[in-house]
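Data block below; observations after.
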There are 2 protein chains.
Amino acid sequence: MSDKREQLQAIATQAIQKDGVRSVSFRTLADAVGVKSASVHYHFPTKSDLTHAVVSAYTATFVARLEALERKHRTLSGKLNAFTRIFDEVLADDDLCLCGMMAAELTSLDAATQHALKKFFDEAEAWLERTIDVHADELTAPLPGKHLAKVLMSGLEGAVLLDRVAGGDNRLRAMRALVKAVLA
Amino acid sequence: MSDKREQLQAIATQAIQKDGVRSVSFRTLADAVGVKSASVHYHFPTKSDLTHAVVSAYTATFVARLEALERKHRTLSGKLNAFTRIFDEVLADDDLCLCGMMAAELTSLDAATQHALKKFFDEAEAWLERTIDVHADELTAPLPGKHLAKVLMSGLEGAVLLDRVAGGDNRLRAMRALVKAVLA
DNA sequence: GTCTATATACAGATAGAC
DNA sequence: GTCTATCTGTATATAGAC
């Protein structure tokens, strides 16, 4: 069954968001689903296979969520607040964004996973830029959409990273204040 | 000699900024300075001793740099640009901020190192907030200094993290544009 | 698909000689 | 302060039985 494969992938994703790729082993993963480590290698021959699958799936889910969010909200305010809320949920579980975590571990990732990681950030920022540009009339920011998109993405990734250290959500709240400040 | 200790600490700092705490071993560290791993344990009995020393020294250097920067520049514009330049230098070496990297590895750090890490971010943001508030007349941002300080720190940490994945410095440039945009 | 068993490598840490 | 030697644990990965 590829049910096991998906189960392993889900558990790996959670563990990486909390502790990083390096702390996820074939053994801990096997224990979590009640098999032996050799069985995990059946589903994911190497660790690179696992990290690549995890990043790709995370990106697909993230993009799907942005598309849903796009349909649900009509204003820029609504869309940006919903975007920010994704990071609130991540932090609430004391996690990092999967890709923010793996960005820190960049040098230990294989080329394919690194490429998939770059794609995640590019797609997120492309969505933000598109969204901002469509609603340019709602903006007061003296900042091009291209720049604002990158500021928001970097800021949110950094905010979750720093807030997890400090406890609480002071940085994320500052980011919400920024979003509010750039809206008309 | 504590010359060796400082040498080990410097090499550990560089290695952590590039690859993270987990990739720095007593063996690789020993090889880099031409001793055996047991000798590294003489200077830093446990890995926690090493990480704590590294974060504390990094924070002290960072704060000293902020104080120097404070004396050198008179305008908010000058001070914030100089602050941003610190992150440019980090990225230019394909490194992360030591504390940004270790923030990702939070769950694997001992309590003392975690506390020292929190202190780094608090001190950096406190400096920013103080600096912004002193020059409130140079600001156009409809954002309190407390929030702007956190946005800048989160944004810069995130920008270096994401830019290293992508290559180039697009996110850091967007942050520079933000700084320019909030100045009168 | 999952298992046992194993190969190989490397991690942090310590004992005790020099 | 540094060394050799070693303990113990864990990592990724593979071979081959079931």
Side-chain angles (χ1 to χ4, degrees), chain A residues 1-55 101-102 104-114 116, chain B residues 1-55 98 101-102 104-114 116-117:
Chain A
M1 296 174 209
S2 95
D3 183 42
K4 267 279 158 61
R5 187 189 150 100
E6 278 165 41
Q7 202 183 337
L8 286 164
Q9 199 168 301
I11 291 171
T13 303
Q14 291 168 1
I16 292 171
Q17 285 188 253
K18 213 171 276 305
D19 305 316
V21 170
R22 280 199 162 85
S23 78
V24 176
S25 73
F26 284 84
R27 274 174 177 71
T28 59
L29 223 46
D31 289 347
V33 304
V35 294
K36 295 296 173 182
S37 70
S39 303
V40 181
H41 280 282
Y42 168 81
H43 296 286
F44 302 98
T46 70
K47 201 162 186 184
S48 294
D49 294 319
L50 176 64
T51 56
H52 187 257
V54 160
V55 174
M101 175 66 87
M102 289 179 73
E105 300 179 290
L106 185 73
T107 62
S108 72
L109 301 174
D110 65 290
T113 303
Q114 288 189 18
Chain B
M1 293 175 212
S2 95
D3 183 42
K4 267 279 158 64
R5 186 189 151 98
E6 278 166 41
Q7 201 184 337
L8 285 164
Q9 198 168 301
I11 291 172
T13 303
Q14 291 168 2
I16 293 171
Q17 285 188 252
K18 213 171 275 306
D19 305 315
V21 170
R22 280 200 163 85
S23 78
V24 176
S25 73
F26 283 84
R27 275 173 177 73
T28 59
L29 223 46
D31 289 348
V33 305
V35 294
K36 295 297 172 182
S37 71
S39 302
V40 180
H41 281 282
Y42 168 80
H43 296 286
F44 301 98
T46 70
K47 201 164 186 183
S48 294
D49 294 320
L50 176 64
T51 56
H52 187 257
V54 161
V55 174
L98 177 91
M101 175 66 87
M102 290 178 71
E105 300 178 290
L106 184 73
T107 61
S108 72
L109 302 174
D110 64 291
T113 302
Q114 288 190 19
L117 202 58

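In what follows, every chain begins at residue 1, and chains take the letters A, B, ... in the order their sequences are listed.
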For B:S48 and for A:G34, find the nucleotide of DNA chain C with the closest heavy atom, then tell me which residue's nucleotide is more 5'.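 The residue closer to the strand's 5' end, by nearest nucleotide, is A:G34.
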Counting the atoms with a prime plus P, OP1 and OP2 as sugar-phosphate, which does B:V33 contact under 4.0 Å by heavy atoms, base, sugar-phosphate, or nothing?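 No contact at all - B:V33 keeps every heavy atom at 4.0 Å or more from the nucleic acid.
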Touch check for B:V40, heavy atoms < 4.0 angstrom, all strands: base, sugar-phosphate only, or nothing?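 Counting heavy atoms under 4.0 Å across all strands, no contact is made by B:V40.
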Output yes when at least one side-chain N/O atom of [X] is less than 4.0 Å from OP1 or OP2 of [N], else no.
X     : N      : answer
A:S25 : D:dT10 : no
B:Y42 : D:dT2  : no
A:S39 : C:dC3  : yes
A:K47 : D:dT12 : yes
B:K36 : D:dA5  : no

Between [atom2] of [N] and [atom1] of [X], the distance in whole Å:
X      : N      : atom1 : atom2 : answer
A:D110 : D:dT12 : CG    : C1'   : 14 Å
A:K4   : C:dT2  : NZ    : C1'   : 9 Å
B:F44  : C:dT14 : CZ    : C1'   : 18 Å
A:F26  : C:dG1  : CZ    : P     : 17 Å
B:D49  : C:dT14 : CG    : C1'   : 15 Å
B:R27  : C:dT14 : CZ    : P     : 14 Å
A:H41  : D:dA13 : NE2   : C1'   : 5 Å
A:L29  : D:dT10 : CG    : P     : 16 Å

Hey, what do you get for [atom1] ([X]) to [atom2] ([Y]), rounding to the nearest 0.5 Å?
X      : Y      : atom1 : atom2 : result
A:T28  : A:D19  : OG1   : CG    : 9.0 Å
A:E105 : A:I16  : CD    : CD1   : 7.5 Å
B:L117 : B:L106 : CG    : CG    : 7.0 Å
B:M102 : B:Q17  : CE    : CD    : 10.5 Å

From [options], pick the nucleotide closest to the side chain of [X]?
X     : options               : result
B:T46 : C:dA13, D:dA13, C:dT2 : C:dA13
B:H43 : D:dG1, D:dT14, C:dA13 : D:dG1
A:T28 : D:dA13, D:dA11, C:dG1 : D:dA11

Hey, are the side chains of A:L50 and A:L29 touching, using non-hydrogen atoms and a 4.5 Å cut-off?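 Of all side-chain heavy-atom pairs linking A:L29 with A:L50, at least one is under 4.5 Å.
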